[in-house]
Structure formats: structure tokens, C-alpha cells
Amino acid sequence: MSEMNEVTINLGDRSYPVLVGRDILHKTASLLPSSARRVAVVTQEGIPAQYIPEFPGLSVSVHTIGVGEDHKSLTTIASLCSQFAQHGLTRSDVVVGVGGGMVTDVAGFAAASYHRGIPVVHVATSLLAMIDAAVGGKTGVNIPEGKNLVGAFWQPSGVVCDLSTLDSLSDRETRCGLGEMAKYHFIVRENLNEIEFDQRVARCIQIKGDIVAADEREGGIRAFLNYGHTLAHALEIDTNFSIAHGEAVALGVLYAAHVAQQMNRISEDRVNQHYQVVHDVYGLRRQLPEGLFIQSLIAAMGRDKKAVDSLTFVLDSVDGLEVVPGITESVLKGAYKDFESRLATV
Ligand code: GLY
């Protein structure tokens with residue numbers, strides 16, 4: 001059995017461990033609060049039943065949510081909370097989310113809402129959930145007006161990242177996780193690709209954990225975790241979500257490099273480093289979806305819930321990432337032209 005890493009998310013008396021390793025699902029029970037008598041497992045259609053850990057001596061109920069953004073809804077939260085009540089879940093019991101990012105977002109928000117907040121433990125089974133969604137306490141669901149517009153900060157009591165579960169991911173799910181992983185190369189200036197993959201997952205979680213510990217409510221540097229996400233969200237909206245989140249992030253990271261170059265914040269060499277990470281290290285070579293128009297993307301970027309007055313981007317600079325407000329349309333259009341021409345050559 002390979003070694004297990006334990007990353008601590010330091011949040012004072014709400015600190016918690018993230019366990020990262022292979023064949024470690026059985027460790028989940030050790031993360032449950034000692035008061036728990038009942039466990040409500042929230043999982044999703046398609047998640048293999050063997051990923052649900054065993055909880056000896058506890059009364060376990062399993063609640064399965066549907067696949068797709070339509071099920072990431074307040075209706076699903078209401079249904080889960082009713083099911084929790086029918087199972088007799090109390091404040092001293094626990095929710096365990098078993099699945100990818102959608103499951104941990106939904107299970108986390110149901111736990112945050114039920115009885116005004118009960119403990120939650122996540123078992124992340126996708127790369128995206130391990131290095132992003134399951135860690136850091138952002139939970140939520142969509143409403144017709146936008147993605148993740150209703151939610152809560154609700155930190156888990158612990159997270160298990162069993163890397164063996166990644167073996168069953170589809171190519172697309174893997175690419176989505178790798179798109180999120182690529183952004184970490186620019187959040188820290190480390191040669192992450194020199195770190196062996198399992199250790200790199202733990203390192204990304206540590207990077208995220210350090211940022212969350214410093215800025216839990218995203219008043220400042222937590223925004224760096226959204227590197228590449230401004231265009232990514234617009235791409236998701238304008239393609240009606242036919243492009244998956246992590247795939248869009250990979251494109252968004254490259255576009256952010258062109259925006260930074262347009263503003264003379266970074267050199268051409270640094271733009272090339274972005275392509276090297278996204279295309280060569282992670283093999284995320286893809287064209288923009290057909291039929292997109294920059295004007296419509298700009299409008300969608302403007303509706304991004306993270307937009308403060310005018311358009312705000314997280315951009316690279318010689319000193320690292322910064323949150324940059326007031327990006328003009330002409331910069332965005334110039335960068336998009338550079339981006340399209342560059343993609344046409346690869
Ligand atoms: N997914 C970005 C964050 O957790 O802040």
C-alpha cells in the first residue's frame with residue numbers, strides 16, 4: 001500500500017484533516033464526530049456502491065441524487081433534508097458526501113442547512129473534488145439566474161481522497177480535474193510537474209488549504225483559486241454547459257495569460273509557459289467551442305457573480321497572481337484575438 005498524506009486545513013477550532021492516499025476509504029469512519037449515531041450518505045447515480053465506506057455500529061441511510069446541473073438545485077436540497085428527517089438525523093449525527101464536486105457541493109449545503117448545520121465529511125471520488133470542491137467549505141446549488149448562486153460556507157470535519165477511485169473516472173472527468181490542477185502551477189511558482197502525481201494531488205490540496213486558512217470568506221487571495229474561471233464560466237454559459245467546468249478552466253487559464261500580456265503584465269515567454277503547462281504537461285489541447293462570439297462572452301463574464309464593478313480578472317504578473325479590476329473591452333477583445341490565432345496554430 002502506498003503512503004498516505006495528511007494535509008491539515010488550519011481554521012482554529014474548525015481545523016480538519018484531508019487524507020490523501022490509495023485504498024483509504026476505511027479511514028472515513030475515523031473522521032466522523034464521536035457523537036454520531038446516524039450517518040446520511042449523499043451520493044449520486046453512477047458512483048460505484050463500493051466507494052461508500054462502512055460505518056460499523058452506526059445506522060446508515062443512503063440518499064442518491066441525480067446527474068447533471070439540473071439536479072444541483074434547491075429542490076434536491078429540500079428532498080435531502082426531508083429524507084434526513086425521515087431517517088431521524090439529529091444535530092449530533094453526520095452527513096457523508098461520496099462523489100465528485102457536485103455531490104460535495106450539494107451534500108455540504110444540505111448539511112449546512114439541516115437543523116441549521118450538522119457535521120459533514122466528504123469522500124471525494126473525482127480529481128476535481130479532491131483538489132478543489134471538497135476542500136475549503138464552499139457549498140451551494142444553482143438557481144435559474146446562475147450557477148452556485150445559493151449556498152453557504154460550511155467546512156467539513158474531514159475529507160478522504162482515495163486516489164484509487166480516480167482509476168474509474170472517464171477521460172472527460174480526468175481532463176476536468178487536470179484543468180483545475182493546471183491553475184495551481186500559476187498560483188504558486190513551483191515546478192509542480194516535477195512532483196509525482198499522487199504527491200502532487202496532496203500538494204494542490206495543501207496550496208488550497210493554505211489559501212483558505214488565510215482567507216476563508218474570499219475577501220482577498222482566495223480569489224486566486226478562480227484563476228482562469230472568469231472566461232471559463234462564460235464558456236460554460238454560452239455553450240449551455242456542453243463544455244465541462246474543468247475543460248473550460250483549462251481554456252480560461254490560457255486566455256487569462258493573453259489578457260495579462262495585452263496589459264503588459266507578463267512576457268510572451270510567460271504566455272508560452274501557460275501553453276506548456278496546459279498543453280504539454282496535462283495534454284489539454286482543445287479548440288474553442290464553435291459559434292462563440294467575444295461580445296456575448298464579455299456580457300456573460302460581466303454577469304459572473306465575482307465581478308465587482310466592471311470586469312475583474314485574476315491575472316498573472318512578474319510578482320505572481322493579482323486581482324485586477326477595471327479590465328476594458330478593448331483588452332478583452334485584443335486578448336481573444338491573440339488567443340484564437342494561437343489556438344489555430346496548435
Ligand atoms: N473553488 C474555489 C474556491 O474554493 O474558492
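Indexing begins at 1, ligand by ligand and atom by atom, following the structure's order. All heavy atoms count here, side chains included; hydrogens, waters and symmetry mates do not. Keep in mind that what you see is a predicted model, and the values were worked out from it rather than measured.
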Aromatic ring proximity, centroids under 6.0 angstrom, H279 and H274: no

message: Show the atoms of ligand 1 that are less than 4.0 angstrom away from any heavy atom in L225.
response: 2 (C), 3 (C), 5 (O)

message: If the condition is salt bridge (charged side-chain N to carboxylate O under 4.0 Å, His left out), which residues does R189 pass it with, not counting sequence neighbours?
response: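 Per chain and number, R189 pairs via salt bridge (charged side-chain N to carboxylate O under 4.0 Å, His left out) with D316.
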
- request: Can you label the angle between the H63 ring and the H87 ring as parallel, tilted or perpendicular, going by 30° and 60°?
  value: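 The rings of H63 and H87 stand perpendicular, inter-plane angle above 60°.
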
- prompt: In terms of the angle between their ring planes, are H233 and H245 parallel, tilted or perpendicular, with boundaries placed at 30° and 60°?
  reply: parallel

message: I want to know if ligand 1 touches K183 in the polar sense, i.e. an N/O pair below 3.5 angstrom.
response: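 Not met; the criterion fails.
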
- prompt: So is N226 polar-close to ligand 1, meaning N/O to N/O under 3.5 Å?
  reply: no

task: Give a yes/no verdict on whether any heavy atom in H229 is under 4.0 Å from an atom of ligand 1.
output: no

field: Salt bridge flag under 4.0 Å for residues R37 and D93
entry: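 A salt bridge is absent here (no side-chain N lies under 4.0 Å from a carboxylate O).
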
query: Please state which protein non-hydrogen atom is closest to atom 5 (O) of ligand 1 and give its distance, to 0.1 Å?
result: R222 NE, 2.7 Å

- line: Of K208, R217, E180, the one whose closest heavy atom lies nearest atom 4 (O) of ligand 1 is K208

